[in-house]
Amino acid sequence: MDRAPGLSVRLKLTLSYAGFLMVAGALLLTAVWVFLLRYVPDRAMLINPDDRPTGGVFPIRSVLLGVFAPRAFAVLAFLLVFGLVGGWLLAGRMLGPLTRIADATRLASTGSLSHRVRLPGRNDEFRELADAFDTMLARLEEHVAEQRRFAANASHELRTPLAISKSLIDVARGDPAQDTVEIIERLHTVNTRAIDLTEALLLLSRAGQRSFTREQADLSLLAEEATETLLPLAEKLGVTIETSGDIAPADGSPALLLQLTMNLLHNAIVHNLPGQGTVWVTTGVRPKTVVLTVENTGEKLTPQLLSTLTAPFQRGTERIRTDHEGVGLGLAIVNTITQAHDGTLTLTARSSGGIRVTVELPRAPCPPTGDGSGN
Ligand SMILES: Nc1ncnc2c1ncn2[C@@H]1O[C@H](COP(=O)(O)OP(=O)(O)OP(=O)(O)O)[C@@H](O)[C@H]1O
Ligand SMILES: [Mg+2]
């Protein structure tokens, strides 16, 4: 922002110190003068050594004023110089930390986020500000690194289908005798995968923007809808789905919450035991929240692996099914949607294998009862 040049804070503080010192000095000198006026008589009779009045009068006050005034001005002049010099040094010392914080801010604005203020000393307002600034820089640095990792991963994932398409086209171009039907079929698969990935990325970005309108969305209905849609896949993979629970009205976007439920259920089906898996989908109501739990049988997962799964492009170490070519965005989307709804996502490893995913969301406000009592 362009601002008109002004006095520096150091100069303003210096002038305030000096001004205050001058006012205090002037008050003190006035007090002394008032005291003198009160206790020193205006004039005195001149007397001889033999104690007889000479008839002459001595003007004590005017003599005193003649002596007092120049000294008072000297004291005030000294206080002014003392106030200016002392104030300048003191203000410099007090504002030192601020200069360090300003330097760090300037560095950060040029893109260097690794610099920290790290003010030494005991806690005070400046240290508090510097520490808060350091914490903000650390968060920002982490966020930027995460964004870079995300962009690199996304580009990598998008490049793979494009590279496969290119080599398929090259093969077809180089050898016209090739079976084009097979090549077109493979191109179609690769292309679908690229579209799915792009759509997942778009969804992730839209959900993160929190630009949806909130309305009442019953999680139990969404769970039923997701189960119905994914039942053919579950049957194909030999997985049983058990859905139960109460009406759970969440406050949010029905479309995004359906996506969240679908992703969780899809994961529970495809990352399950082959041929004998079970998935339990339950919904519940708490005083201020509603809960969706998706639990499935499966391989045992370590807590360390579990804590990394919600990061974008993170897949489990071993693929249980090679025919499910996931990109590792499903749980990242669930996490983003949950956060956009001010909810919490919890992943717990089941002792017998598989995981339990719990999503807790704010409960929708109760609709008006309509009994007319409010009128
Ligand atoms: N219900 C589950 N049971 C066991 N493992 C799971 C479950 N859900 C997720 N995982 C593990 O977490 C990883 C990340 O899941 P995520 O949904 O983010 O990606 P994905 O399923 O591999 O790919 P996609 O982007 O298609 O969803 C999976 O690869 C899997 O290893
Ligand atoms: Mg998934």
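Order of listing sets the numbers, starting from 1, for every ligand and every atom in it. We number each residue from 1, following the sequence as shown. Worth knowing before you read on, the calculation uses all heavy atoms, side chains too, and leaves out hydrogens, waters and symmetry mates.
For ligand 1 and Asn296, the ligand atoms under 4.0 Å from any heavy atom of the residue are 1 (N), 2 (C), 3 (N). The distance from ligand 1 to the heavy atoms of Gln314 drops below 4.0 Å at these ligand atoms: 13 (C), 14 (C). Near Arg315, with a cut-off below 4.0 Å to any heavy atom, the atoms of ligand 1 are 13 (C), 22 (O), 29 (O). The ligand atoms of ligand 1 that sit less than 4.0 angstrom from a heavy atom of Ala268 are 1 (N).
Between Arg356 and Thr293, the closest side-chain pair of non-hydrogen atoms falls below 4.5 Å. Within the 4.5 Å cutoff, side-chain heavy atoms of Val144 are placed close to those of Leu113.
Residue contacts with ligand 1: Gly328 is included, with a non-hydrogen atom under 4.0 Å away. Using a 4.0 Å heavy-atom cutoff, Gly298 is absent from the residues neighbouring ligand 1.
The distance from the Mg ion (ligand 2) to the nearest N/O/S atom of Asn263 is not under 2.8 Å.
Residue Ala332 has no N or O atom closer than 3.5 Å to an N or O atom of ligand 1. Residue Leu301 places no N or O, backbone or side chain, under 3.5 Å from any N or O of ligand 1. Residue Leu264 has no N or O atom closer than 3.5 Å to an N or O atom of ligand 1. The N/O atoms of Leu329, backbone and side chain alike, include one that comes under 3.5 Å of an N/O atom in ligand 1. At least one N/O-N/O distance between Asn267 and ligand 1 falls below 3.5 Å.
Here Val327 has heavy atoms under 4.0 Å from ligand 1 in both its backbone and its side chain. Contact annotation: for Glu299 versus ligand 1, there are no heavy atoms closer than 4.0 Å.
Using a 3.5 Å distance cut-off with no hydrogens or angles, the side chains of Trp280 and Glu295 do not pair a donor with an acceptor. If you check the side chains of Glu157 and Asn153, you find no donor sitting under 3.5 Å from an acceptor. A donor and an acceptor atom, one from each side chain of Asn191 and Ser165, are nowhere located under 3.5 Å apart.
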query = Can Thr297 and Asn272 be said to form a side-chain hydrogen bond (donor to acceptor under 3.5 Å, both in side chains), step by step?
reply = CA-CA 6 Å; Thr297 48; Asn272 209 319; 2.6 Å; yes
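Ring geometry, Phe212 versus His341: the interplanar angle falls under 30°, so the pair is classed parallel (tilted spans 30 to 60°). Ring geometry for Tyr39 against Phe35 counts as tilted: the plane angle lies between 30° and 60°, on a 0 to 90° scale.
Salt-bridge check for Arg106 with Asp103: passed, with a basic side-chain N closer than 4.0 Å to an acidic carboxylate O. Ionic pairing of Arg206 and Glu199 is not present here: no N-O contact between side-chain nitrogen and carboxylate oxygen is shorter than 4.0 angstrom.
Between the choices Leu309, Asn263, Val357, the shortest heavy-atom distance to atom 11 (C) of ligand 1 belongs to Leu309.
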